[in-house]
Amino acid sequence: MSAEFPIVFDPTTFDNRRRQPHEFAEIARMIRRDIIKSLVLAGSGHSGGPLGSTDIFAVLYFGGYMRYNPHDWWTPRDRFVLSAGHMCPVLYATLANTGAFPKEELRTLRKYNSRLQGHPGRDMGLPGIETSTGSLGQGISIAVGMAMADKLLDKNGYRVFTLTGDGELQEGSVWEAAMAASNFKLDNFCWIIDNNDCQIDGRVHDVMNIYPLQDKCRAFGFDVVTANGHDYAELCAAFDRFIANSEQRCGKPTAIIAKTLMGKGVSFMEDRYEWHGKPPTWEQARIALGELGEDIPESVEA
Amino acid sequence: MSAEFPIVFDPTTFDNRRRQPHEFAEIARMIRRDIIKSLVLAGSGHSGGPLGSTDIFAVLYFGGYMRYNPHDWWTPRDRFVLSAGHMCPVLYATLANTGAFPKEELRTLRKYNSRLQGHPGRDMGLPGIETSTGSLGQGISIAVGMAMADKLLDKNGYRVFTLTGDGELQEGSVWEAAMAASNFKLDNFCWIIDNNDCQIDGRVHDVMNIYPLQDKCRAFGFDVVTANGHDYAELCAAFDRFIANSEQRCGKPTAIIAKTLMGKGVSFMEDRYEWHGKPPTWEQARIALGELGEDIPESVEA
Amino acid sequence: MSEPFTLRGSKPTRQGFGEGLVVLGERYDNVVVLGGDITGSVMTSLFKERFPDRFFSIGVAEQNATTIAAGLALSGKIPFFASYGAFCALRNADQLRISVCYNEVNVKIGGGHAGISVGPDGATHQVLEEIAYLRTLPHMTLVVPCDYLEAKKATIAIGEMVGPAYIRFGRAAVPFFTRDDTPFELGKAQVFRDGSDVALVACGAMVWESLVAAEKLAQRGIRARVINVSTIKPFDVQTIVDAARQCGAIVTAEEHQVHAGLGGAVAEVVAKNYPVPIEFVGVKDTFGGSGEPEELMEKFGLTWKEIYAAALVAMERRDRGFIGYRAVKEVPRYEELPIGSDGQPVA
Amino acid sequence: MSEPFTLRGSKPTRQGFGEGLVVLGERYDNVVVLGGDITGSVMTSLFKERFPDRFFSIGVAEQNATTIAAGLALSGKIPFFASYGAFCALRNADQLRISVCYNEVNVKIGGGHAGISVGPDGATHQVLEEIAYLRTLPHMTLVVPCDYLEAKKATIAIGEMVGPAYIRFGRAAVPFFTRDDTPFELGKAQVFRDGSDVALVACGAMVWESLVAAEKLAQRGIRARVINVSTIKPFDVQTIVDAARQCGAIVTAEEHQVHAGLGGAVAEVVAKNYPVPIEFVGVKDTFGGSGEPEELMEKFGLTWKEIYAAALVAMERRDRGFIGYRAVKEVPRYEELPIGSDGQPVA
Ligand SMILES: Cc1ncc(C[n+]2csc(CCOP(=O)(O)OP(=O)(O)O)c2C)c(N)n1
Ligand SMILES: Cc1ncc(C[n+]2csc(CCOP(=O)(O)OP(=O)(O)O)c2C)c(N)n1
Ligand SMILES: [Mg+2]
Ligand SMILES: [Mg+2]
C-alpha cells in the first residue's frame with residue numbers, strides 16, 4: 001500500500017518588495033514545500049536543481065528585483081528566462097506564490113494538457129512563462145535577444161534575468177550568448193549561474209570541468225559577483241550590484257555565480273547529484289515536508 | 001581580353017628540419033606564390049587567410065615540428081587539422097611543397113573532381129588531409145578527439161595541431177572543444193589561432209568581439225603563448241614551448257595566439273578583410289607574384 | 001519469413017542498446033563510448049561500469065562529442081556517442097553532416113528519448129523529426145529497432161559494420177516479443193506476419209502495435225502482412241515493392257512526424273515502383289507534450305486502433321479502384337468506425 | 001492559371017531576398033536583421049546599409065543568432081537571420097525546433113547557398129538536406145522561390161505573415177523569368193504551364209528547367225503541366241492531387257537530396273490521395289563537390305534533360321498500366337534515350 005497522504009496547497013501568496021532575510025526564509029520554505037508537493041503528485045521530475053535554487057527565486061521574485069504585475073503578467077515588466085528548463089518546478093511554484101495563477105494548478109505538473117509542462121512550454125500560456133526551454137543553452141540566448149530588444153531598440157529600461165545551471169555551461173552556445181551580451185554592452189542583462197557543482201552524471205568538475213568559472217565569465221566580459229546562493233544578504237547584495245550596473249549604464253552585463261547545494265532544504269537530498277532528476281517518493285515527501293516545517297499526520301496505512 | 005599568363009609551378013620541395021629564419025622566409029615565399037597561382041587558376045577561393053597564415057605553415061611543416069613522411073603519409077605521424085577549412089589553399093600549397101603530391105595538381109584547385117576541393121574533402125584522398133572541414137568550429141573538436149585517442153588510449157606519443165581562425169572563435173563549439181582539451185589534460189594538443197582580427201564582414205572586434213583572447217584561452221585551461229605570426233623566431237619559440245609542454249607532460253594543452261596580417265606578403269591585400277574570400281585577378285596575380293619574388297614577363301595583350 | 005510472435009514482457013529499447021554496447025566492448029578493444037551526461041538514461045552507464053577506461057565523459061556538449069567521435073574514429077577507434085535524439089541528431093546536425101557523414105567515419109550514435117512515449121518530460125525531449133533528416137545524409141545507416149532484443153542485435157550490428165550509423169531508441173518499456181532466432185539483418189526489412197490483404201509497414205514500437213492490429217483484422221478475416229523496417233537507411237526497396245504488389249494497400253506506422261520519415265520513405269519507393277494507396281499513422285505535424293506514455297500514445301493516435309482504421313481505409317481505397325479521387329478525408333477514429341454485420345468495426 | 005514565360009535574364013535568388021528585406025524595412029519599423037558574418041553573400045548587407053540601426057552583427061554563431069532572434073521576436077520584433085543553409089538550418093537545428101517552432105515565434109530565416117549550384121566551395125557549403133528537416137517542424141512555413149523576383153515576393157510575404165518561416169535561396173545567378181503579375185501566394189502551388197500528359201512538379205531553379213523540359217516535350221506533342229511549389233510547407237495538397245488525377249504521371253525536380261524533400265512531400269500526398277507513378281529528379285544520396293555551377297548541375301543530373309527523360313519514363317509507366325511491376329530501373333540519361341521515328345528521343 002502506498003503511503004500517500006492528502007496534499008494541501010497553502011493559498012498564501014506574497015508581494016514583491018525589499019525584505020529582511022527571515023522573510024525570505026519563510027517564502028523559500030513555502031516554495032520548497034510546493035515543489036515537493038507538485039513533484040510527489042507528478043511522480044516524475046527534477047527535485048535537486050529546483051530546491052537548490054529556491055532561495056534565488058525567493059529573492060528575485062519577492063525582493064523587489066524583478067518588476068512585474070502578477071495579476072496582469074503580460075503588461076510592461078522585467079523578464080526572467082529559465083534557461084535550465086528542467087528546473088521548472090521552482091519557477092512554477094514561485095509564480096504560483098506571486099499569485100500569477102491558482103496554486104491548486106501545481107497539482108497538474110507534468111500531466112497531460114497541463115499548463116505546467118515537464119519543461120516550460122510557452123504554448124500553454126501560463127503567466128510568467130516567457131519562453132519555452134528545455135534544451136540546455138538556448139534560454140540564455142533568448143534572454144540576450146530580449147535584452148538587446150530593449151537596450152538597443154525600445155529603450156524602455158526593462159531588465160532581463162536568466163538562470164542557467166552549471167552543467168549547462170558545457171554547452172558552447174552558452175558562451176556564444178555570453179560573448180554577445182558583452183559585445184552589445186547589455187548592462188540590463190543579469191546571468192545567474194546555479195553553481196551546485198552537480199549534474200546528472202556526477203560532480204560538474206568530474207563530468208566536464210568548467211572551472212575556473214569566474215575567470216571564464218570575466219574573460220567573456222561580465223562583471224562577476226559570487227554569492228552564497230542560500231545567504232539572502234549575499235544574494236541581495238549581488239542583485240543590488242546588478243541593479244546599480246544597469247542604472248549606471250556601466251556597459252557590462254552582470255554574472256552572479258551563486259554557490260548552491262543541490263536539493264537544499266531536504267537533508268537526504270542535499271548536495272547529492274542523484275537527486276537531479278527524481279521526484280521524492282511519498283515517504284520521502286513526508287519527511288521532506290516535515291523538515292520544511294509542515295507536519296503531515298501519519299496516514300492509516302503507513 | 002584577359003591578361004592571363006602561363007602559370008609555372010616550381011617543382012622544388014622542402015624537407016622538414018630545424019631551420020634559420022631566412023630559410024623559412026624562402027619557403028614561405030614559395031608557398032605564397034603557389035597560393036596565388038592556384039587561386040588565380042581557380043578563379044574563386046580565399047586569399048587573405050592563407051597568405052596570412054603561411055609563415056605558420058612554413059614553420060610547422062618545414063621546421064621539424066610536425067613529424068610526417070611526405071612520401072608515405074598515412075604511416076605513424078603527428079596530425080594537423082585545418083579547422084578553418086576555407087584556408088585550404090595554404091594547406092594544399094604546403095603539402096605540395098613537402099612532396100606529398102605533385103605540385104602540378106595545385107592547378108586543379110576547386111575544379112570538378114579535384115583532390116583539392118574548395119574546402120578539404122577527405123573522401124578525395126589527398127595525402128595530408130586528415131579530415132574534411134569547412135563548417136567552422138568542427139575541426140578543432142576533431143583534433144581534440146585525435147589527441148584523446150593517443151593521450152588516453154594508444155599512447156604512441158603523437159601530437160595534434162589544429163589551426164582555427166579568430167572569427168571562428170565566435171562558434172560556441174570551439175569553446176566546447178577547448179574545455180574538453182583541458183579537461184582531459186591534452187598536453188599533446190596545440191591550438192594555433194590565426195589572429196588577424198579580420199573576418200568576412202570586417203574587423204573581428206567589430207563583427208563580434210572575441211577579446212580579451214588570452215584571458216579566454218587561459219580561463220579555458222590552456223598554456224597560452226602569443227607570437228608575431230610573421231616572426232619565425234617567435235613562432236619557433238612558441239612551438240618549442242608546446243613541444244616542451246608535451247614532452248614534460250605538463251597536463252595542459254597549449255594555445256598559440258599568432259598575430260597575423262590577413263593577406264600578408266601582397267601589399268594590396270595586407271590587413272584588408274575584403275580579401276577574405278576573393279582570388280586575385282590575373283592582373284593582381286602578376287603584381288602579387290612580383291612582390292613575392294617571381295617576375296612574370298608582360299603578356300602580349302596586357 | 002513469418003512467425004507468430006508472443007509477448008515476452010516489456011522492456012525499453014534503450015536497454016538493448018546498453019547491453020549491446022557491453023557485448024561490443026567485450027569483442028572489440030577499440031570500441032569506446034562518449035557520455036553526454038545522461039549515461040544512466042541512455043544506458044551507456046553499463047559500458048562505463050564495465051570498461052571505465054574506454055568511457056569518456058564529454059558533458060553536456062553534443063556538438064563536441066560528435067566531432068570528438070569523428071576524431072577518435074579517424075584514429076582507429078569505434079566511438080559510440082549516445083544522448084537524447086533531440087540533442088544527438090539535431091543539436092549536432094551540422095557535425096553529423098560534415099564531420100561524420102561527409103567524412104565517412106566510423107562514428108555510431110545512439111539517440112534515445114525518441115517518440116512521444118517519452119512521457120512527462122514533454123515536447124522538448126520527445127524527438128519526432130530526426131528520421132527525416134538522418135535519412136537524407138549520404139553514407140548514413142539508420143536503424144530503428146522494434147524491441148529490446150532487436151535493439152541489442154542492431155547495436156552490435158552497427159558496431160560491426162564500417163561507417164556512420166545511428167540507432168534510434170525510446171525511453172518507456174515497450175512490448176518485448178522478438179526472439180534470439182528472429183531474423184535481423186542491417187538493410188533488410190523483415191516480414192513479421194504473412195498476409196496479402198494489406199501491408200502494415202512499421203518501425204520501432206509501432207511494429208508491435210501493427211501485430212496487434214493484424215491480429216484484430218484477422219478476427220474479421222483480413223490477412224494483414226506486417227513488415228518491420230528496422231533499417232530505414234539503406235532502405236529495403238524490394239520488400240516494400242513486394243508488399244505493394246501483393247497487397248495493393250499499405251499502412252505505415254511510426255513514432256515520428258507523419259511527414260518525411262518512414263512513411264515518406266515508403267511513399268517514395270511505392271511511387272517510383274508500384275503506386276498503391278497508403279495511409280500514414282504518425283504524429284500529425286504537432287509537437288508532443290507531457291503525460292504518461294500510454295496516455296500520450298492514445299492522445300496522439302499511435303496505437304493499433306489507428307493502424308486498424310487506416311488499414312480499412314487503405315483497402316477500401318484500393319477496392320474502389322484507387323485511381324478514384326479521394327477528397328483528402330482523414331482516417332476515422334477506431335471508436336467511430338461503424339459496426340458491420342459481423343459485429344466488427346468496418347470502414 | 002497558366003502563362004508562357006520568357007527568360008528575362010539571370011539573377012540570383014539571394015538578390016531577391018536582399019531586396020525584399022529592404023522593402024520590409026521600409027514598411028515595418030520592427031523588422032530587424034541579424035548578420036552571421038556573410039552578410040554580403042546572403043545580401044542582408046542591403047538592409048544593413050539602409051537601416052544600420054536595425055542591423056545587428058552576431059558573428060559566426062548561428063545557434064546564438066537563431067535564439068537571439070527568438071528573444072527579439074518575443075519582444076515584438078520581426079527578426080530575420082540569414083546565413084548559408086548548412087549553418088542556419090542545420091548548425092542551429094535544435095534551436096529552430098525548440099526556440100523558434102515550439103515557441104511559435106515570429107522568426108524568419110534566410111538560408112542561402114542551397115543546392116549544388118553553389119559551385120566551387122564544394123560539398124560542405126552545398127546544403128541538400130534541409131528541406132527534409134524543415135518540413136517536419138510544426139508551425140514552420142518553408143518557401144523555396146523559383147527565381148529572383150519570386151524570392152523578393154516571398155521574402156516580403158514571410159515578413160508579413162505571423163510565425164516561424166524559412167526561405168531557401170541560392171548563390172548562382174539563375175534564370176529570371178517571372179513577372180510582377182505572376183501569381184504568388186504563400187501556401188499555394190502555381191501552375192506555370194498547362195498540360196495534362198504529365199506533371200512536372202518543381203521548386204527553386206528546377207522550375208525553369210521544368211519549363212524548358214516542357215517546351216522540349218511539347219516539340220514532340222507531349223503537353224506537360226509545370227507546377228511551381230514555392231511553398232513546401234504548408235503544402236498545397238489540392239494542386240498536386242489535381243495534377244495526379246488529371247495527368248496520371250508526375251516528375252518531381254529539386255536541388256536537394258532525392259529523398260524526403262519536395263519529392264517526398266509529393267509522394268506522400270499522392271499515395272494518400274491518388275496514387276500515380278512518380279519519377280524523382282534530385283541529388284541521388286551523395287554529397288556535392290567543387291566545380292562550376294552549370295557543370296555541377298550537369299554532373300549531378302539536375303537539368304531539363306533529366307526531367308525530360310523522367311517524364312517519358314513516368315508516362316510509359318502510366319500507359320503500360322502503372323500497376324505493372326517495375327524492376328526498380330533507373331531513368332536513362334537523356335543522351336542515351338533512343339531516337340524515335342519523329343527524330344526525337346523516346347523512352
Ligand atoms: C542540449 C541538452 N542536452 C542534454 C540535456 C539533458 N539534461 C537535462 S538537465 C541536464 C544536466 C544539467 O546540469 P546542470 O545545468 O548543472 O543542472 P542541475 O543538474 O544542477 O539541475 C542534462 C544533461 C538537455 N536538457 N539539453
Ligand atoms: C559554421 C560556419 N558558419 C559560417 C561559415 C562561413 N564562413 C567561412 S570563413 C568565415 C569567416 C571566418 O573568419 P576567420 O575565422 O577569422 O577567418 P579569416 O577571415 O581570418 O580567414 C565564415 C563566416 C562557415 N564556413 N562555417
Ligand atoms: Mg548543476
Ligand atoms: Mg580572421
Side-chain angles (χ1 to χ4, degrees), chain C residues 62 86-87 89-98 101-102 123-124 127-133 135-139 233 237-238 241 245 248 250 256-261 263-280 285-287 322-328, chain D residues 62 86-87 89-98 101-102 123-124 127-133 135-139 233 237-238 241 245 248 250 256-261 263-280 285-287 322-328:
Chain C
E62 297 82 3
F87 312 132
L90 301 179
R91 184 58 159 260
N92 59 346
D94 189 21
Q95 282 78 9
L96 281 179
R97 178 172 174 269
I98 301 301
C101 288
Y102 181 43
T124 54
V127 69
L128 299 167
E129 296 80 11
E130 85 284 30
I131 291 180
Y133 174 57
R135 78 184 182 88
T136 66
L137 289 176
H139 308 312
K233 187 185 177 103
V237 172
Q238 193 64 55
V241 173
R245 186 158 47 97
I250 293 178
H256 184 269
Q257 296 292 352
V258 82
H259 296 306
V266 171
E268 291 163 19
V269 162
V270 162
K272 180 151 182 162
N273 293 278
Y274 196 97
V276 299
I278 307 180
E279 294 296 320
F280 302 89
D285 203 21
T286 61
F287 283 102
F322 55 78
I323 327 256
Y325 180 61
R326 167 206 188 174
V328 199
Chain D
E62 296 82 5
F87 312 131
L90 301 180
R91 183 59 158 260
N92 59 345
D94 188 22
Q95 282 80 9
L96 282 179
R97 178 171 174 271
I98 301 301
C101 288
Y102 180 44
T124 54
V127 69
L128 299 167
E129 295 80 11
E130 86 284 30
I131 291 179
Y133 174 56
R135 79 184 181 89
T136 65
L137 289 176
H139 308 312
K233 188 186 178 106
V237 173
Q238 193 63 55
V241 173
R245 187 157 46 98
I250 293 179
H256 184 271
Q257 296 292 353
V258 82
H259 297 304
V266 171
E268 290 162 20
V269 162
V270 163
K272 179 148 183 162
N273 293 279
Y274 196 96
V276 298
I278 308 180
E279 294 295 320
F280 302 89
D285 203 21
T286 62
F287 283 102
F322 54 77
I323 327 258
Y325 180 60
R326 167 205 187 173
V328 199

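Hydrogens, waters and symmetry mates play no part in the numbers below; they use all other heavy atoms, side chains included.
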Side chain to side chain contact (heavy atoms under 4.5 Å, CB included) between Tyr133(D) and Leu90(C), intermediate numbers included
CA-CA 9 Å; Tyr133(D) 174 56; Leu90(C) 301 179; 3.6 Å; yes
Relative to chain D, which segment of Leu137(C) carries a heavy atom at a distance below 4.5 Å: side chain, backbone, both, or neither?
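Contact with chain D involves both backbone and side-chain atoms of Leu137(C).
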Contacting region of Thr286(C) [heavy-atom separation from chain D under 4.5 Å]
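When you check distances to chain D, only backbone atoms of Thr286(C) fall under 4.5 Å.
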Is the side chain of Arg97(C) donor-acceptor paired with the backbone N or O of Pro138(C) at a distance under 3.5 Å, no angle test?
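Not at all, since once roles are kept as given, no pair shorter than 3.5 Å links the two residues.
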Pick from Val258(D), Leu128(D), Val127(D), Asp285(D): which one has the most heavy-atom pairs with chain C under 4.5 Å?
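It is Asp285(D).
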Count the heavy-atom pairs under 4.5 Å between each of Glu129(D), Gln257(D), Glu62(D), His256(D) and chain C, then report the option with the highest count.
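Among Glu129(D), Gln257(D), Glu62(D), His256(D), the one with the most close pairs to chain C is Glu129(D).
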Interface residue of largest heavy-atom contact number with chain D, from Arg91(C), Gln95(C), Glu130(C), under 4.5 Å
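Sorted descending by pairs with chain D, the first entry is Arg91(C).
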Who passes ring pair (Phe, Tyr, Trp, His ring centres under 6.0 Å) against Tyr102(C), sequence neighbours left out?
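Listed in chain order: Phe287(D).
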I need the Ile250(C) CD1 to Glu279(C) CD distance, nearest 0.5 Å.
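Going from CD1 on Ile250(C) over to CD on Glu279(C), the span is 11.5 Å.
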To the nearest 0.5 Å, what is the distance between CD1 (Ile98(C)) and CZ (Phe87(D))?
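Between Ile98(C) CD1 and Phe87(D) CZ, I get 6.5 Å after rounding to 0.5 Å.
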